[in-house]
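Residues take their numbers from the sequence shown, with the count starting at 1.
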Amino acid sequence: MDLLKNVLADNDYPGRGVLWCTIGDGTTLGAYFLTGRSPASQARTLHRTSAGELIVAPSDAREHDHLRHYVAARQSPNWLVFGNGEQVSTVADRLACGQAPLLALDGLDYEPDPPIFTPRLTVIADNHEGGQAWFGAARHSAGDRTATNRLTLHISDLSPSEGVLMTTYHSNGQEIATGAPFTEIRTTAETCGDLLDELWSALPPHLRIAAAVFTPRDLAGSSIRQTSRTRA
């Protein structure tokens, strides 16, 4: 199990990522981050709304793009949902209607952005039961098949300093491919601030856009860091 900073340092372009981990003091935390290459991708901000959501929005006057701009995290009394696209709202609405996590994650598709076909990554965290979480990934086949591969992963009872990471991409600096289905990691963080520092410093400086770390039941208290080219 590699350190989070080493896993990310070995990836020249991770894209967007979701992380669920327990830090050294036993606190369970979620995290979401954005990196981007194009001007349109870099012209984004991650911020809290008055409704208590985390949203990814344009940092300038450009129009809404449903693949780049979306609710990244939403909470209810029972659930925290976060991920890399508009499916976050869909999954949160399904949970609010009483669906179980596995059903709420079913039927999602990868993004329609050939040739990469970016995976849609979603995490559902239970606010009540000791750090349980369900990861969902809607992925394109490595072959020509267009039907979506849907991966679900149930995580519970993480030991201190353990976590699970999903990223949309993996790059060796020349070619970009979809990221691994999931990666188990270790973190050296002892506090929420430590985790944000560890995550932020491991992202490629010229590509990083924003990152947030949050606890279940306290999305409004998220710690957010952004590049100087985006507004707070």
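With T148 contributing its side chain and R150 its backbone, the two residues share no donor-acceptor pair below 3.5 Å. Put simply, the side chain of T27 never gets that close to the backbone of I23: no donor and acceptor are under 3.5 Å apart. Within the 3.5 Å criterion, the main-chain N or O of V71 finds no donor-acceptor partner in the side chain of E53. Listed for the E86 side chain is no donor-acceptor partner under 3.5 Å among the backbone atoms of Y70. Without hydrogens or angle criteria, H128 side chain to P77 main chain gives a donor-acceptor distance under 3.5 Å. No side-chain donor-acceptor contact under 3.5 Å links Y110 to the backbone of S141. The closest donor-acceptor contact from the side chain of E162 to the backbone of T22 lies at 3.5 Å or more, if one exists at all. Under a 3.5 Å cut-off, the side chain of R44 and the backbone N or O of V56 do not form any donor-acceptor pair. Remark: side-chain polar atoms of R217 are paired, donor with acceptor, to backbone N or O of N127 under 3.5 angstrom. Judged by distance alone, the side chain of R48 and the main-chain N or O of S222 form a donor-acceptor pair under 3.5 Å.
For the atom pair CD of E184 and CE of M1, the computed distance is 4.5 Å after rounding to the nearest 0.5 Å. Within the model, atoms CG of D126 and CD1 of I155 stand 14.0 Å from one another, a figure rounded to the nearest 0.5 Å. Put simply, NE2 on H206 and OG1 on T227 are 13.0 Å apart, with the number rounded to the nearest 0.5 Å. Distance CG/D197 to OG/S223: 9.5 Å, rounded to 0.5 Å. From N149, atom CG reaches atom CG of D109 across 11.0 Å, with rounding to the nearest 0.5 Å. Within the model, atoms CG of L29 and CZ of F214 stand 9.0 Å from one another, a figure rounded to the nearest 0.5 Å.
Of all heavy-atom pairs between A125 and W20, the closest is CB-CH2, 3.4 Å. The minimum heavy-atom distance between Q87 and L121, with the atom names listed, is NE2-O, 3.0 Å. Between T28 and P216, the shortest heavy-atom contact is O-CD, 3.5 Å. The minimum heavy-atom distance linking V91 with A104 is given by the pair CG2-O, 3.4 Å. Across all their heavy atoms, G24 and P160 have their closest contact at O-CB, 4.0 Å. Considering every non-hydrogen atom in both F82 and A73, the closest pair reads CB-CB, 3.7 Å.
Remark: of the listed residues L3, L19, L8, V164, L19 is the sole one forming a side chain to side chain contact (heavy atoms under 4.5 Å, CB included) with I185.
For the pair P204/P14, a side-chain contact is recorded, criterion being any heavy-atom separation below 4.5 Å from C-beta on. Within the 4.5 Å cutoff, side-chain heavy atoms of T45 are placed close to those of Q226. Residues D194 and T187 fail the side-chain proximity criterion, which asks for heavy atoms closer than 4.5 Å. Using a 4.5 Å heavy-atom cutoff, the side chains of T152 and W134 are not in contact. Looking at heavy atoms from C-beta onward, F33 lies out of side-chain contact with R208 at the 4.5 angstrom threshold.
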Next on the checklist: Set out, in order, the CA-CA distance, both residues' side-chain angles and the distance that settles side-chain hydrogen bond (donor to acceptor under 3.5 Å, both in side chains) for R68 and S41, then state yes or no.
Outcome noted: CA-CA 7 Å; R68 290 191 174 98; S41 290; 3.2 Å; yes
Checklist entry - Does the pair I55 and H47 meet the rule for a side chain to side chain contact (heavy atoms under 4.5 Å, CB included), with working shown? => result CA-CA 6 Å; I55 66 168; H47 65 270; 3.5 Å; yes
Item to check | Candidate pair D2 and T183, rule side chain to side chain contact (heavy atoms under 4.5 Å, CB included), full reasoning | outcome: CA-CA 9 Å; D2 288 335; T183 305; over 6 Å; no
Checklist entry - Yes or no on side chain to side chain contact (heavy atoms under 4.5 Å, CB included) for I209 and L46, after CA distance, side-chain angles and deciding distance? => result CA-CA 8 Å; I209 298 169; L46 178 66; over 6 Å; no
Checklist entry - Passes side chain to side chain contact (heavy atoms under 4.5 Å, CB included), L151 versus M166? Steps please. => result CA-CA 11 Å; L151 168 72; M166 284 183 175; 4.0 Å; yes
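Between the side chains of S76 and N78, not a single donor N or O lies within less than 3.5 Å of an accepting N or O.
Note: the hydrophobic cluster containing V18 also contains L34 (ILVMFWY, side chain heavy atoms under 4.5 Å, direct or indirect links). Follow the hydrophobic side-chain contacts under 4.5 Å out from Y13 and you never reach L165; the two are in separate clusters. In the hydrophobic clustering of ILVMFWY residues, with side-chain heavy atoms under 4.5 Å counting as a link, V88 and L95 come out together. Criterion: ILVMFWY side-chain heavy atoms under 4.5 Å apart, direct or through other members. Under it, L196 and L54 are not part of a common hydrophobic cluster. Hydrophobic clustering (side-chain heavy atoms under 4.5 Å, transitive across Ile, Leu, Val, Met, Phe, Trp, Tyr) keeps V213 apart from Y32.
Ring geometry for H140 against F117 counts as parallel: the plane angle stays under 30°, on a 0 to 90° scale with 60° as the upper cut.
Ion pairing between K5 and E198 fails under the 4.0 Å rule for side-chain N and carboxylate O.
The side chain to side chain contact (heavy atoms under 4.5 Å, CB included) search around T118 returns R16, N84, E111, D113, I116, T168, Y169, not counting sequence neighbours.
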